[in-house]
> 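Please find one structure pasted underneath; my questions will follow.
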There are 4 protein chains.
Amino acid sequence: MKKKARINPRKLPTQERSKQLVDSLLSATANILVRRGYEGLTTNRVADEAGVSVGSLYQYFPNKESLVEALIRRWSDGLMETIADHYLEVRNESIETAVDTMVRAALDSTRVDAKLHRILTQQIPNVNALPALELFNRRMSERVASWLELHREELEVEDLHLAAEIVVMTLAGLSDYALIQRPELLDSPSFVQHLSRLVLGYLAPTRASQLSASAGKRRRTSKRLAQS
Amino acid sequence: MKKKARINPRKLPTQERSKQLVDSLLSATANILVRRGYEGLTTNRVADEAGVSVGSLYQYFPNKESLVEALIRRWSDGLMETIADHYLEVRNESIETAVDTMVRAALDSTRVDAKLHRILTQQIPNVNALPALELFNRRMSERVASWLELHREELEVEDLHLAAEIVVMTLAGLSDYALIQRPELLDSPSFVQHLSRLVLGYLAPTRASQLSASAGKRRRTSKRLAQS
Amino acid sequence: MKKKARINPRKLPTQERSKQLVDSLLSATANILVRRGYEGLTTNRVADEAGVSVGSLYQYFPNKESLVEALIRRWSDGLMETIADHYLEVRNESIETAVDTMVRAALDSTRVDAKLHRILTQQIPNVNALPALELFNRRMSERVASWLELHREELEVEDLHLAAEIVVMTLAGLSDYALIQRPELLDSPSFVQHLSRLVLGYLAPTRASQLSASAGKRRRTSKRLAQS
Amino acid sequence: MKKKARINPRKLPTQERSKQLVDSLLSATANILVRRGYEGLTTNRVADEAGVSVGSLYQYFPNKESLVEALIRRWSDGLMETIADHYLEVRNESIETAVDTMVRAALDSTRVDAKLHRILTQQIPNVNALPALELFNRRMSERVASWLELHREELEVEDLHLAAEIVVMTLAGLSDYALIQRPELLDSPSFVQHLSRLVLGYLAPTRASQLSASAGKRRRTSKRLAQS
DNA sequence: GATGAATGAGTCTTCATTCAT
DNA sequence: TATGAATGAAGACTCATTCAT
């Protein structure tokens, strides 16, 4: 961490070296998790897959648990970034567009690395996963909350923090459930549409009702009338 | 307890007896799951906790997996009943009331045996839990769908089956997430209210917007005006 | 075994009954041994196959070992009888014919119930099998010895008892080995012929040499000359 | 023994080391087999006896079966060598001498490690032992056959391959049987003599009859006359 | 630092045997 | 006597972790 500096100009200064090692260990962990599930995850296997010795693994991770924790951290950081990108584009769009983007972002984040996602959210003893997931959701909620602030006037909810949490949990919950039990839905346009309406109908039911009204008009006038 | 007494004419010579045994094994499984998590679940421990020998356990369950499966089955059956009760009352109520009841039912089912619920839905290798959970959700969806049929005219969604699935997954996802990450919410009235609005805003945004309009009126007239 | 006598004239007086039970237990044992090998033999399985309860099994056999011992006894008695029959016919035949009969008898006894034979002679922990097998071979030797006595004058061995033992062990050993490693041989006429020559060449080489001489003559005169 | 010394330039860092380990595991297996039989053979016991942990055992042998298989292989290789030595000396001897040597070799190979020999040939579930034993006997037969070729002109059998197999099986069967049921015989000179006559009488009855004739002459003239 | 052989507690599972009914 | 549920010791095998090199 602080040893020889310019004298021994190896390609990989210790710090860099160990970072790579840690990385390949985490990737190996992810691969094995995907291929053989949590029950099939053994430290020896991870070391093997990463091309290092078990000993080295234990140099960087005090135990198996911490290995998984680190992977979860890395993974949720990845998710954050993916989602952050989506959110940046959205700041100035209409609520409808923004909600649509959020929904798509949630589903996308699930789809990418779907199997790993699923294992990490469902199969890992929660003791490990919880803190990281909590952090992830807290950050997401904050982000959504601050976005909601920008549109406060257009929204029909008051407790924006609670609303943000609910939106985040709704989207996370739904994409997880869909991933597990109805993966086809993840790619269905009407699923996306429904989720958008779900969120919009929560945040701004009036706008949502207009939306469905006009949608209905296009298709079934009688229905619209009945509702008016 | 076992010596003959004419009052209790040897009712449980075999069938009843083994049912009790199975029951105590499943309860032991649940207890251990709650106390030590899935990783801490061993067949010997279960037998011990149930006060029987491992051998007896294996007389009734061919392996550890089947033990967990049976527990999941028992648990999801319990849930079904709990929820079924709620739903029966609701058939003829207004949508608003019905949605409210559904929300409360979802949260209730999570709260009862909360820790077990959490472990069963999150921590068990999905291979075991999935079929049972899928069945459970399918049944729930059907039930909700048939309820939606009754109110078709008042709803602003068309694909009632998809809508039912979304409602079920939303409520399940949200209560699970809340249970894990924000258990306080489960007992918060405003959480219940928000969830009701979420669902109502999805199924019938027009009604939801009236609801929030009047709710808003009571509290902040300015807001209502801004929205009109 | 001694209870109620004439009063209760059941079809199967206790003695007969238990004999049948013992019999079906032994047959079950044999079946299982054949189907699943010694490692697959469990007392519960035997009881099941015999259509009785384990408890009953233990009424008649103090433990698993004794069950197998009894089967071995029954089986070797069967062998004895089979072979005895063959021997009776032979008393007054020529040595050549008698030897031939003995050889065929040995091979036959192996072929009948071959799989059981093999398991009983090879796979059973010898502690069990040995005494019975010893007894069997001792009896066989005696029988052969007494037959040899009848032909003492024609034989070129002196220690008839040793010779009898050697003949018995040779035939037993050869048929067992053939059964295990070259079962095709058991049905090959030339194998029978060779074994006959083996035994005859031992007991009466002069007669054997005449036999092979004439056999050779028929086929390759040159050979015979070369040897003369 | 393990600290560096220039004299023994770290010869056994891995390969040699593991070879030793494998060796001590096999020896432990043999010991236990001899002391407690196949039923008493447990992997934990083997590891214990070998002075290593079970874990180490499983580093070298994937399961109990393979351990036994390896032992059988090692043992049959040993036998092969022992016997090979005997055979080399014999190539140019007379048939009588050669047969005598073969007989002694067979008995010797049984005597050495007699108890292990017996367990390995009789008590091990054949699934394990068979392939190795078959290989062993096939090799033996080939060796004997090629020896028979050299003496083809003096022999009175034609199918040398069958003859070789029969000789091998006879000797193996007889020494095994003798070992089990009459171990005293293994050390009796007359047993050796009888076996030699058995084999010689099979391969070359004419020579055998001369042998017994002259042997008889020395002892009992009357007998010889009776036979002429 | 890196290595990977060695460790051994702990898992699931079987099965001979008992004994209350 | 018969039954068969219950027992629990014992066995094969795994894997997180350590430590001598």
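Here is how names work: the chains are called A, B, and so on, in the same order as the sequence lines, proteins then strands, and each is numbered from 1. Both backbone and side-chain heavy atoms feed into the values below; hydrogens, waters and symmetry mates do not.
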> If we count only N and O atoms by modelled type, under 3.5 Å, do the side chains of A:Ser53 and A:Ser56 hold a donor and an acceptor together?
yes
> Which atom pair, heavy atoms only, marks the closest approach of C:Leu67 to C:Leu26?
O-CD2, 3.7 Å
> Return the value, rounded to whole Å, for the distance between atom OH of A:Tyr38 and atom P of F:dA16.
9 Å
> Are any of the side-chain heavy atoms of B:Lys19 and B:Ser24 separated by less than 4.5 Å?
no
> Return the 5'-most residue of the pair C:Leu41, B:Thr42 with respect to DNA chain E, ranking by each residue's nearest nucleotide.
B:Thr42
> So what does C:Leu57 touch, heavy atoms closer than 4.0 Å: a base, only the sugar-phosphate, or nothing?
nothing
> In whole angstroms, how far is the C1' atom of E:dT7 from the CG atom of D:Leu25?
14 Å
> Which whole-number value in Å describes the distance from C:Arg45 CZ to E:dT17 C1'?
17 Å
> Looking at B:Lys115 and B:Val34, what are the two nearest heavy atoms and their distance?
NZ-O, 3.4 Å
> Please check the phosphate of F:dT7 (OP1 and OP2 only) for any side-chain N or O of B:Ser53 closer than 4.0 Å.
yes
> Which nucleotide, E:dT13, F:dT7, F:dA16, lies nearest any side-chain atom of B:Asn63?
E:dT13
> To the nearest Å, how far apart are A:Leu21 CG and E:dA2 C1'?
10 Å
> With a cut-off of less than 4.0 Å, is there a side-chain N or O of D:Thr43 near OP1 or OP2 of F:dC13?
no
> OP1, OP2 of F:dT1 versus side-chain N and O of C:Gln59: anything below 4.0 Å?
no
> Is there a side-chain polar atom (N or O) of B:Tyr58 under 4.0 Å from OP1 or OP2 of F:dA6?
no
> Quick check on D:Arg35: does its CZ atom have over 12 non-hydrogen neighbours (other residues, nucleotides or ligands) under 6.0 Å away?
yes
> Distance check needed: F:dC15 P versus A:Ile32 CD1, whole Å only.
12 Å
> Can you figure out which of E:dG4, E:dT17, E:dC12 approaches the side chain of C:Val54 most closely?
E:dT17
> Within this structure, what is the CG-to-P distance between D:Asp48 and F:dA10, rounded to whole angstrom?
15 Å
> With nearest nucleotide decided by heavy atoms, which residue, A:Asn44 or B:Gly55, maps closer to the 5′ end of DNA chain F?
B:Gly55
> Quick one: A:Tyr60 OH to F:dT18 P, roughly how many Å, whole number?
17 Å
> Should F:dC15 form a Watson-Crick or G-U wobble pair with both distances under 3.5 Å, which nucleotide is its partner?
E:dG8
> Write down the partner of E:dT21 under the Watson-Crick or G-U wobble criteria, each distance required to be under 3.5 Å.
F:dA2
> Within less than 4.0 Å of OP1 or OP2 of E:dA5, is there a side-chain N or O belonging to D:Ser56?
no
> If you measure only the distance, is there a donor-acceptor pair under 3.5 Å linking the side chains of A:Thr42 and A:Arg36?
no
> Roughly, in whole Å, what's the span from CD in A:Glu39 to P in E:dC12?
10 Å
> Under 4.0 Å between any heavy atoms, over every strand shown, what does D:Leu67 touch: base, sugar-phosphate, or nothing? Just pick one.
nothing
